[in-house]
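Lettering of chains follows the sequences in order, A, B, ..., and the numbering in each one begins at 1.
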Protein chains: 2
Amino acid sequence: MKLTSKGRYAVMALMDLARFNNINPVSLRDISLRQGISLDYLEQIFSKLRKKEIVQSVRGTQGGYVLNRKAKDIKLTNIFDAVDEKVKTVQCKKDSKKGCNGKATKCITHNLWDELENHINNFFEEKSLEDLVKNNFEKRV
Amino acid sequence: MKLTSKGRYAVMALMDLARFNNINPVSLRDISLRQGISLDYLEQIFSKLRKKEIVQSVRGTQGGYVLNRKAKDIKLTNIFDAVDEKVKTVQCKKDSKKGCNGKATKCITHNLWDELENHINNFFEEKSLEDLVKNNFEKRV
DNA sequence: ATAAACCTGACTAAAATAGTCAAGTATCAA
DNA sequence: TTGATACTTGACTATTTTAGTCAGGTTTAT
């Protein structure tokens, strides 16, 4: 059980963006250099973030990206959702119409994974981008 | 972010075993049939569970497996640990001596993943096999 | 005009997953 | 004592996912 790099990079990039947000659009090139993430990969990630209206793009020279909402209104859960970083604990939840493991009924652990998903999602729904930036700054001081 | 089948199967199999535990050893063949899990795969899983002393084996005819401790003393965290179902949220935690992403310092999201891991592990440390069996039975009644 | 920066889709190497397969050994029951 | 049942182990493999790369655009400030 682990997060993918895509989810982690998305959070890193948005934290980076949030810090410089009020001045100018931030270019992916800058984020790439500061955070050590491949530029091509960042472009894929930001394409998704834009479609979910988490960021806005500014094209052309001096362009880049800006947050589309206030940092406190962007929750971790929104970010992960945008880049398809889902908390799908197990396959049996994929098509819930059928049962689990090709059977007609739910598997005996089904309730457990439901609980686990809720537990994790609660964490993601509480944390905002603002929290993360503040917290990171404080710990460094 | 998802669990692997190995972790899920381990829990399913142990719940199955816990229900019949006080009577006779339970054969993997029975578990395989009841839970719809490949027998060969179960053997791999139980080999690991045995090494971590979560189950005991009884060889020969009428043999099978029994729990090695009381169901209430087997926590989810023990089971996942036995089958290498780790909660390693991100790679940057792998070798913590180095920084993240090949850099010298920790990445800006590092504290976040620490928090997340603790959050998830708390859940696993609370739940015992006994809880799971009871809960599953109650919900079905 | 031209360079910076966004935009898109196709492609791919490497790793992880979810098993299968083969060849055993131990024990009980008839 | 011989079969059947069931545990034991290690090697192997197809499939899927991940984590990118690559190539070719379009847009806009200067």
Can you tell me the distance, in whole Å, between the [atom1] atom of [X] and the [atom2] atom of [N]?
X: B/Lys48; N: C/dA18; atom1: NZ; atom2: C1'; answer: 12 Å
X: B/Ile31; N: D/dA6; atom1: CD1; atom2: C1'; answer: 12 Å
X: B/Lys86; N: C/dT17; atom1: NZ; atom2: C1'; answer: 15 Å
X: A/Asn24; N: D/dT30; atom1: CG; atom2: P; answer: 11 Å
X: A/Gln56; N: C/dC6; atom1: CD; atom2: P; answer: 14 Å
X: A/Leu33; N: C/dA5; atom1: CG; atom2: P; answer: 10 Å
X: B/Arg50; N: C/dT25; atom1: CZ; atom2: C1'; answer: 12 Å

Identify all side-chain donor-acceptor contacts of residues 59-75 of chain A below 3.5 Å with residues at least two apart in sequence or on another chain.
from, atom 1, to, atom 2, distance (Å)
A/Asn68, ND2, A/Glu53, O, 3.1
A/Arg69, NH1, A/Asp73, O, 3.2

Worksheet entry | DNA chain C contacts made by residues 76-84 of chain B, counting heavy atoms under 4.0 Å |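 Per residue number, the list is empty: none.
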Practice prompt. Determine whether any donor atom in the side chain of B/Arg59 lies under 3.5 Å from an acceptor atom in the base of D/dT5, or the reverse, and answer yes or no.
Written response: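 Looking at the base of D/dT5, it does not pair with any donor or acceptor on the side chain of B/Arg59 (distance under 3.5 Å).
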Discussion item. Any base atoms under 4.0 Å from B/Phe46, or only sugar-phosphate, or nothing? Heavy atoms, all strands.
Written reply: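 Since no nucleic acid heavy atom lies under 4.0 Å of B/Phe46, the category is nothing.
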Salt bridge (Lys or Arg N to Asp or Glu O under 4.0 Å) partners of [X], counting only residues at least two apart:
X: A/Lys2; value: none
X: A/Asp30; value: none
X: A/Lys6; value: none
X: B/Lys86; value: none

Worksheet item: Which sits closer to the 5' end of DNA chain C, B/Glu85 or A/Asp30, going by the nucleotide each is nearest to?
Response: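 Its nearest nucleotide being more 5', the pick is A/Asp30.
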Worksheet item: Want to settle it: does A/Lys51 or A/Gly60 sit nearer the 5' end of DNA chain C, counting the closest nucleotide to each?
Response: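 Upstream on the strand: A/Gly60.
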Side chain of [X] (C-beta onward), nearest among [options]:
X: A/Ser57; options: D/dC7, D/dA19, C/dC7; result: C/dC7
X: B/Thr61; options: C/dC28, C/dG19, D/dT9; result: C/dC28
X: B/Tyr65; options: C/dT8, D/dC7, D/dT17; result: D/dC7

Worksheet item: What residues, two or more places apart in sequence or in another chain, satisfy side-chain contact (heavy atoms from CB on, under 4.5 Å) together with B/Asp40?
Response: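 Partners of B/Asp40 by the side-chain contact (heavy atoms from CB on, under 4.5 Å) criterion, ordered by chain and then number, come out as B/Ser38, B/Glu43.
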Using a cutoff of under 3.5 Å, can you pull out all pairs of nitrogen or oxygen atoms linking the protein to nucleotides 21-23 of chain D, with atom names and distances?
from, atom 1, to, atom 2, distance (Å)
D/dT21, OP2, A/Ser38, OG, 2.5
D/dT21, O4, A/Gln44, NE2, 2.6

Worksheet item: Do the ring planes of B/Phe123 and A/His119 sit parallel (below 30°), tilted (30 to 60°) or perpendicular (above 60°)?
Response: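 Answer is tilted, since the angle falls between 30° and 60°.
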Worksheet item: Roughly how far, to the nearest 0.5 Å, is CE of A/Met12 from CD1 of A/Ile31?
Response: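 It is 10.5 Å, given to the nearest 0.5 Å.
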Worksheet entry | Of all pairs that satisfy ring pair (Phe, Tyr, Trp, His ring centres under 6.0 Å), the ones with a partner from residues 11-30 of chain B, not counting sequence neighbours |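 Matches after skipping sequence neighbours: none remain.
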